[in-house]
Amino acid sequence: MKRLTLPLELLSSVGPGNATLMVTEFIMLGFGDLKKLGHFLFLVYVIVYLATISGNLLLVVLVSTQQRLQTPMYFFLVNLLCLEVCYTSNIAPRMLEDLLRENKAISLVGCIIQLYFFGALGSTECYLLPVMSYDRYLAVCRPLHYPTLMHGTMCAGLVIGSRVSGFTVAAAFQAAMVPSLTFCGDNEIDHFFCDLKPLQKLSCSDPHLVNLVCMSLTAPATLAPFGLSLVSYWRILSTVLHTPSVTSRQKAFCTCSSHLVVVTLFYGTLILVYAVPLAGQVSALNNFSLLYTVVTPMCNPFIDSFKNKDVKEALRKLRS
C-alpha cells in the first residue's frame, strides 16, 4: 500500500536523528470496506450525480423561463440549486474517479483547495437557508407588507450577503485551521473527500486546540443559522394555527413543510458531524457525509418544488 511521499530537499536538509516526516500527499481510502463493490458503487453514484445535476438545472431553467415562477421564493431556490450543483461537483467527480482507480493519491495543496470550497459552499448554504425561511415568514405572517419588504434589491442583497459570509467564514477557517494542523505520520484519509474530521485524526497537532478552533468556527456557521430558521418556522406555525381558513392553513403548511425538511436534514447532519465534540468518534462518518453531500442535493428539487402546483404547471407548458 502506498505510504508517505517525501520531497528530496526535505530529506537532505535534516540531520541524523532529527528527521521529520512531512506529508506532501494523501491517499483517499474512500469506501474501503466496500472495495470489491467499486464498479457497482460507481454506477449508483453516477446515476445519483446525474440526477442531481439534471434535476437542479431543470428547475433553474423553469424558473428562468416561466414568468409565473419569477418570485422571491423561487429566486432564492434557484440560488440554492446552483449552490447545490457546485457543492456536489466539488466532491462527486473525484469520488467517482477514485472508485475506479488503484492510485487514489491527492496532493496536500489539492486537498486543502477541496476543503476550502467544501467549507465555502457549505457555509454559504448555511446562511442562505435562513434567508429562505425568513422569506416564507414574511409571505405567511406579513403578506400585506411582503411585496415592499422582499423587493428585488433586498433579494439580491440577501443572496450576495450569504455568499460573502460563506466564503469569508471558509477563508477564516482555513487561516485558523491550516497552520494548526501538522501532518507528520500516516497519510491515509479514511473518507471519500478531504474533510476536516479525517484530516484532524491524521494530524499530530494538539487535538484539543484543533477541536476548539473547529467548534468555535463551525458553531456560528451552523447553530446560529439553524436557530434563525427554527424561529422563523415557529412564528409561521403560530400564525398558521390561528388562521381560520382551512384552505389557507393547508397552503401554508404545503409551502413551508418541504423546506423545513431540507433545513432539518442539512443542519442536523452538519451539527452531528462538526459541532458535536464526540462526532469524530462516529464510525459511520461516510454515511452521515453522504446525506449532505449527495442525498440532500439530489432530493432538494423534488422536495422543494416538483410537487408544487406552480412548478407542475410550468413543466406542462415547457413540454408543450
Side-chain angles (χ1 to χ4, degrees), residues 1-5 23-57 81-126 166-167 170-171 173-174 177-178 181 183 186-203 214 218 266 269-270 273-274 280 282 284-300:
M1 185 176 290
K2 189 173 180 180
R3 305 299 293 177
L4 298 178
T5 303
V23 174
T24 60
E25 67 176 24
F26 296 104
I27 308 299
M28 309 297 295
L29 297 183
F31 304 94
D33 297 337
L34 303 174
K35 190 174 182 180
K36 294 181 179 179
L37 299 175
H39 288 82
F40 173 73
L41 291 176
F42 174 82
L43 179 61
V44 171
Y45 290 131
V46 160
I47 294 173
V48 170
Y49 181 56
L50 292 178
T52 301
I53 299 299
S54 58
N56 282 275
L57 292 183
L81 297 178
C82 292
L83 195 62
E84 295 280 27
V85 169
C86 298
Y87 188 67
T88 305
S89 298
N90 180 49
I91 296 170
R94 171 83 198 194
M95 178 185 71
L96 293 170
E97 184 182 357
D98 286 343
L99 285 172
L100 296 180
R101 65 177 185 169
E102 289 295 327
N103 181 17
K104 302 178 181 180
I106 182 172
S107 68
L108 176 61
V109 174
C111 188
I112 296 301
I113 291 174
Q114 186 184 54
L115 179 63
Y116 171 74
F117 282 103
F118 169 71
L121 295 169
S123 298
T124 302
E125 184 165 350
C126 283
F167 278 81
F173 183 84
Q174 294 284 75
M177 287 299 298
V178 172
L181 290 175
F183 303 101
D186 191 7
N187 71 331
E188 294 180 339
I189 298 179
D190 188 15
H191 208 26
F192 58 88
F193 70 99
C194 286
D195 199 2
L196 178 64
K197 288 294 182 179
L199 287 174
Q200 182 181 336
K201 290 180 181 179
L202 295 182
S203 173
C214 175
T218 55
F266 181 77
T269 50
L270 281 183
V273 173
Y274 298 104
V282 177
L285 181 62
N286 284 356
N287 297 332
F288 285 105
S289 300
L290 281 172
L291 284 176
Y292 59 84
T293 58
V294 177
V295 177
T296 303
M298 181 187 68
C299 294
N300 269 352

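Throughout, numbering of the chain's residues begins at 1 and tracks the sequence. The model shown is predicted, which means the values in this text are computed figures rather than measured ones.
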(request) For residues Phe118 and Ile91, determine if any side-chain heavy atom of one lies less than 4.5 Å from a side-chain heavy atom of the other. (result) yes
(request) Kindly write out the residues that satisfy side-chain contact (heavy atoms from CB on, under 4.5 Å) with Leu50, not counting sequence neighbours, or none if the list is empty. (result) Val46
(message) Just checking Tyr87 against Phe117, ring centres under 6.0 Å apart?
(response) no
(message) With heavy-atom distances below 4.5 Å as the criterion, would you say the side chains of Ile106 and Met28 are in contact?
(response) yes
(request) Taking Glu25 for its side chain and Ala105 for its backbone only, find out whether a donor-acceptor pair lies under 3.5 Å. (result) no
(message) Under a 3.5 Å distance rule, please check whether Asn90 uses its side chain to pair with a backbone N or O of Cys86 as donor and acceptor.
(response) no
(request) Kindly indicate whether the side chain of Val85, heavy atoms from C-beta on, has any atom under 4.5 Å from the side chain of Ile53. (result) yes
(request) Provide the closest heavy-atom pair for Cys111 versus Ile189 in the form atom of the first, atom of the second, distance. (result) SG-CD1, 4.1 Å
(message) Can you give me the closest heavy-atom contact between Leu115 and Cys194, atom names plus distance?
(response) CD1-O, 3.5 Å
(request) State the CG-OH distance between Leu96 and Tyr49, to the nearest 0.5 angstrom. (result) 8.0 Å
(request) Determine whether Thr52 and Val294 make a side-chain contact, defined as any pair of heavy atoms from C-beta on separated by less than 4.5 Å. (result) no
(message) Please report the interatomic distance CD(Glu84) to CE(Met298), rounded to the nearest 0.5 Å.
(response) 11.5 Å
(request) Give a yes or no on whether the backbone of Asn56 and the side-chain of Asn300 come within a donor-acceptor separation of less than 3.5 Å. (result) no
(message) With heavy-atom distances below 4.5 Å as the criterion, would you say the side chains of Leu29 and Phe192 are in contact?
(response) no
(message) I'd like to know whether Leu202 forms a side chain to side chain contact (heavy atoms under 4.5 Å, CB included) with Asn187, so could you lay out the CA-CA distance, the side-chain angles of the two residues, the decisive distance to 0.1 Å, and finally the verdict.
(response) CA-CA 7 Å; Leu202 295 182; Asn187 71 331; 5.6 Å; no
(request) Please round to the nearest 0.5 Å and tell me the distance separating atom CG of Asp98 and atom CG of Asn103. (result) 9.0 Å
(message) I need the Leu100 CG to Phe42 CZ distance, nearest 0.5 Å.
(response) 4.5 Å
(message) Let me confirm one number: the OG1-CG distance from Thr293 to Leu121, rounded to the nearest 0.5 Å.
(response) 12.5 Å
(request) Tell me, yes or no, whether the heavy-atom count around Tyr116 atom OH, taken from other residues, nucleotides or ligands under 6.0 Å, exceeds 12. (result) yes
(request) Look up atom NZ in Lys104 and atom CE in Met95, then write down how far apart they are to the nearest 0.5 Å. (result) 11.5 Å
(request) Walk me through it: do Phe193 and Arg94 pass the test side chain to side chain contact (heavy atoms under 4.5 Å, CB included)? (result) CA-CA 8 Å; Phe193 70 99; Arg94 171 83 198 194; over 6 Å; no
